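In each ligand, atom 1 is the first atom listed, and ligand 1 is the first ligand listed. Computed from a predicted structure; not experimentally measured.
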Amino acid sequence: MDDMPSQSSPLNQDLIQSLKDLLGEKGWTDDQEIISPHTSDWRGNFVGHSDFMVSPSTTEEVSEVMKLCHRYGQPVCPQGGNTGLVNGGIAYGEIVLSMARMNNVRSIDTFNNSLVAEAGCILANVHTAADEQDRYFPLSLGSQGSCTIGGLISTNAGGVAVLRYGMMRDLLLGMEVVTANGEIWSALRGLRKDNTGYDLKHLFCGAEGTLGIVTAATLKLFPKPKTATAWLTLETPQKAVELLSLVRKHAGDSVTGFEILPKVGVELAAREIDAVRDPLPNEAPWRILLEVSLASEDHAQDVLQTVLEKALEDSLITDGVVAASLSQAEMFWHVRESLPLVKRGFLTSVNHDISVPVSKVPQFLETTEAAMKEMVPDVEIFAFGHLGDGNIHYGVAERTDAENPTVKAKSLDITFKVHQIVTDLGGSISAEHGVGLLKRDELPDHKSETELNMMRSIKKALDPENLMNPGRVISVR
Ligand SMILES: Cc1cc2nc3c(=O)[nH]c(=O)nc-3n(C[C@H](O)[C@H](O)[C@H](O)COP(=O)(O)OP(=O)(O)OC[C@H]3O[C@@H](n4cnc5c(N)ncnc54)[C@H](O)[C@@H]3O)c2cc1C
C-alpha cells in the first residue's frame, strides 16, 4: 500500500471546516457509526478507515470539494453502492466521497433512446425509469438493488446480458466528470457518432476512481425485448460450448444470456436461500440458463423449443425446459443470482473472476481442477458464471468442517496457480470486477512494462498529485 495515505495521519482541520461550510449538515459526517459501513465491504473481507465522509448533492459541490482537496493535497476515495469486489472503494485514511445524494435521472430522450443519470443513481432505479418510458436499459447484475451508475462505469461492469449488449463501456454515450483539480468536464450530448479526437469517457470507464469523479452519464436505451428463457442440464462444459454454437445458429445475435451453473452450487443455494430450487433436479453435473430476445415472445419460445429438441437429439443436453411464464423465468434467474451469495454458510473459498476465450473454457476448467486437486486434499470446485463471455467465477473451496483445512493457508499459491493457467490460455485475471487493491500487485505478472508505463502516464497526466483513490489499480511510486 506504498502510495496510499497513512491511516493515522490527521486531516487538516482548515480543510475540514471549509468542507463543512461548503456542504452544510447533510453533506458531511465524522460519525464513525455512519462512516464505518462505508469503510468495509459487504462480505467483511476488507476493513479500512476514514475520519470524514462527504456526500455532495450536485456536480458543482463535487467540483468545490475537489478544489479544496486539491489545495490541501488531500486524497479522496470515491464510493457508490460499495458492492465492488476488489477492495477499490474502501478508504484507508482518505476522505470518503459518497455519491449517494446525486441520485437523479436528469432526463430521458425516447427518440434518441438515451437517458442521463447522475452517478449515485441505483441501477434498479434506472431500469424502472427506462421501463416507465417503454424502454430498456440492459445492464443487469446480482447487486443491481445497491450498485450505482458511477460505480458501474468506474468498474466497467459486465453482468448477465453482455453477450447481446456488451459491458458498461458499450452502453455509454456521454459522461460528466470532475477532475482531480476540481474542473468540470461535461460531455453528456448523447451522440452516437463523434470522432473529434480521443474518446475521453473511455478513460474514466474502468478507472476505478483513480482518474476523476464520474458525476453523470448518458446511457443507451433499447426497445423492450421479448424474451424466452430455458433451463438445461448437461454433462460437460465442452457440451455447453457446443450448445452455445447451436443456439447461435438458430438465434443469431439474439442470445442474451448464457450462464453456467454447477449442480453442487444449485444444491447449496437451495439449502441456504429462500425460494431457490433446482428446476430440473437430475444427476447431470452442470446447468445452463439460456435467454434469447426476439421480436415476439412466441418467436423466442419457438426458437428455444427448436434448440432444445435439436440439443437433445445431438446429446448435447440430458434434459431441458423452456419457462412457461414470466414468473417461471424469474425463478430460473433467482437461482442464478443466488449463487454468489451461497458460499459463506458452507464453504471456505478463494474466489477468482477470470476470462478465457469461450472455446478454451473447458480446458481451463479441466486443467485447473486437476491442479487444485493436487494442492487441496478435499477441494470442492465452485465454478459458475457468464460462459457466453468466457467469464467464469472460479471458487476453490472446501467445507468449513474439512478434516485438513488447506484453502485459507494456501490462498496465495492457489490464486497464483489459477491465474498462471489463465494467462497460459490467453485469458484475463479480472474479467469484470476490476483490479482495486486486490489484484494490483499481480498486474506486472500479466501486463507488459510498456502497457503498465502507459497506464502510469495517464494517471500522472490526469492526477499529478495522486489524490484520486491513490494506490488502487496502478502504483505510480
Ligand atoms: C451479489 C453481487 C453480484 C455482482 N455481480 C456482478 C456481475 O455480474 N458483474 C460485475 O461486473 N460486477 C458484479 N458485482 C460487483 C459490483 O456490483 C460492481 O463492481 C459494481 O459496478 C460496483 O458498483 P458500486 O456502485 O457498488 O461501486 P463501489 O463498490 O462503491 O465502487 C467501485 C469502484 O468504483 C469507484 N467509484 C464508485 N463510484 C465512482 C464515481 N462516481 N466516480 C469515480 N469512481 C467511482 C470506487 O472508488 C471503486 O474503486 C457484483 C457484486 C455483488 C455484491
Side-chain angles (χ1 to χ4, degrees), residues 37-43 45-46 48 55-56 59 62 66 75-92 94-103 117-124 126 139-162 167-169 175-180 203-217 257 259 273 336-344 351 353 355 384-386 389 391-393 430-438 440 462-463 468-473:
H38 295 266
T39 51
S40 61
D41 74 312
W42 66 289
R43 278 183 177 141
N45 287 343
F46 313 116
S55 312
T59 303
V62 176
M66 285 316 301
V76 299
C77 176
Q79 195 179 80
N82 193 15
T83 66
L85 298 172
V86 292
N87 200 7
I90 303 294
Y92 290 89
E94 300 91 353
I95 286 180
V96 179
L97 198 161
S98 166
M99 297 303 288
R101 290 175 73 214
M102 288 193 62
N103 58 6
E118 290 183 339
C121 279
I122 288 175
L123 177 57
V126 170
L139 197 82
S140 175
L141 53 163
S143 56
Q144 62 198 27
S146 310
C147 65
T148 62
I149 293 303
L152 293 159
I153 291 171
S154 301
T155 58
N156 184 26
V160 294
V162 172
M167 308 266 290
M168 187 69 196
R169 183 183 302 290
M175 200 182 281
E176 180 186 83
V177 168
V178 170
T179 64
L203 274 184
F204 294 95
C205 183
E208 299 182 46
T210 61
L211 300 180
I213 315 282
V214 178
T215 49
E259 301 286 308
I273 295 173
R336 163 65 185 91
E337 278 153 12
S338 301
L339 250 69
L341 309 174
V342 299
K343 286 174 274 180
R344 283 178 295 169
N351 302 316
D353 163 42
S355 65
F384 68 97
H386 319 297
D389 313 321
N391 175 194
I392 300 293
H393 299 309
S430 180
E432 60 175 9
H433 294 160
V435 175
L437 281 172
L438 186 68
R440 183 195 71 178
L462 293 185
D463 181 22
M468 294 301 319
N469 232 1
R472 281 68 165 192
V473 184

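- Under a 4.0 Å heavy-atom criterion, Gly212 is in contact with ligand 1.
- Between Gly80 and ligand 1, at least one N/O pair is under 3.5 Å apart.
- Ligand 1 lies out of reach of Arg472, whose nearest heavy atom is not under 4.0 Å from it.
- Ranking protein heavy atoms by distance to atom 27 (O) of ligand 1, first place goes to Gly151 CA, 3.4 Å.
- Note on ligand 1: Glu337 sits outside its first shell, no heavy atom being nearer than 4.0 Å.
- Using a cut-off of 4.0 Å between Lys/Arg side-chain N and Asp/Glu carboxylate O, Arg336 and Glu259 are scored as salt-bridged.
- Note that OG1 of Thr210 and CZ of Arg440 are 12.0 Å apart. Values are rounded to the nearest 0.5 Å.
- By the 3.5 Å distance cut-off applied to N or O atoms, Leu141 is not counted among the residues near ligand 1.
- The proximity of Met99 to ligand 1, defined as any non-hydrogen pair under 4.0 Å, is limited to the side chain.
- Between Glu94 and Arg472 there is a salt bridge, since a side-chain N of the basic residue sits under 4.0 Å from a carboxylate O of the acidic one.
- Set against the non-hydrogen atoms of Ser154, the atoms of ligand 1 under 4.0 Å away are 34 (O), 35 (C), 36 (N), 39 (C), 40 (C), 42 (N), 43 (C), 44 (N), 45 (C).
- Not counting sequence neighbours, the partners of His433 by the ring-ring contact (aromatic ring centres under 6.0 Å, His included) test are His393.
- Of the heavy atoms in Ala119, only side-chain atoms (C-beta onward) come closer than 4.0 Å to ligand 1.
- Counting the atoms of ligand 1 from 1 in the order shown, those under 4.0 Å from a heavy atom of Gly209 are 43 (C), 44 (N).
- Those atoms of ligand 1 with a heavy atom of Gly89 less than 4.0 angstrom away are 46 (C), 47 (O), 48 (C), 49 (O).
- Within ligand 1, the atoms closer than 4.0 Å to a non-hydrogen atom of Ala157 are 11 (O), 21 (O), numbered from 1 in the order shown.
- Under the 4.0 angstrom criterion for non-hydrogen atoms, Gly436 is not in contact with ligand 1.
- In this structure, atom 3 (C) of ligand 1 lies nearest to the protein heavy atom Ser143 N, 3.8 Å.
- Interface atoms of ligand 1 facing Asn469, defined by a heavy-atom separation under 4.0 Å, are 47 (O), 49 (O).
- Of the protein's non-hydrogen atoms, Thr83 OG1, 3.3 Å is the one closest to atom 22 (C) of ligand 1.
- At least one N or O atom of Gly81, backbone or side chain, sits closer than 3.5 Å to an N or O atom of ligand 1.
- Thr155 OG1, 3.4 Å is the protein heavy atom nearest to atom 19 (O) of ligand 1.
- Of all the atoms in ligand 1, the ones that sit under 4.0 Å from a non-hydrogen atom of Thr148 are 24 (P), 25 (O).
- At the top of the distance list for atom 10 (C) of ligand 1, counting protein heavy atoms only, stands Glu432 CD, 3.5 Å.
- At least one heavy atom of Gly159 sits under 4.0 Å from some atom of ligand 1.
- Of the heavy atoms in Met168, none comes closer than 4.0 Å to ligand 1.
- Remark: ligand 1 and Pro78 share an N or O pair separated by less than 3.5 Å (distance only, no angle test).
- The part of Trp42 lying near ligand 1 is the side chain, judged by heavy-atom distances below 4.0 Å.
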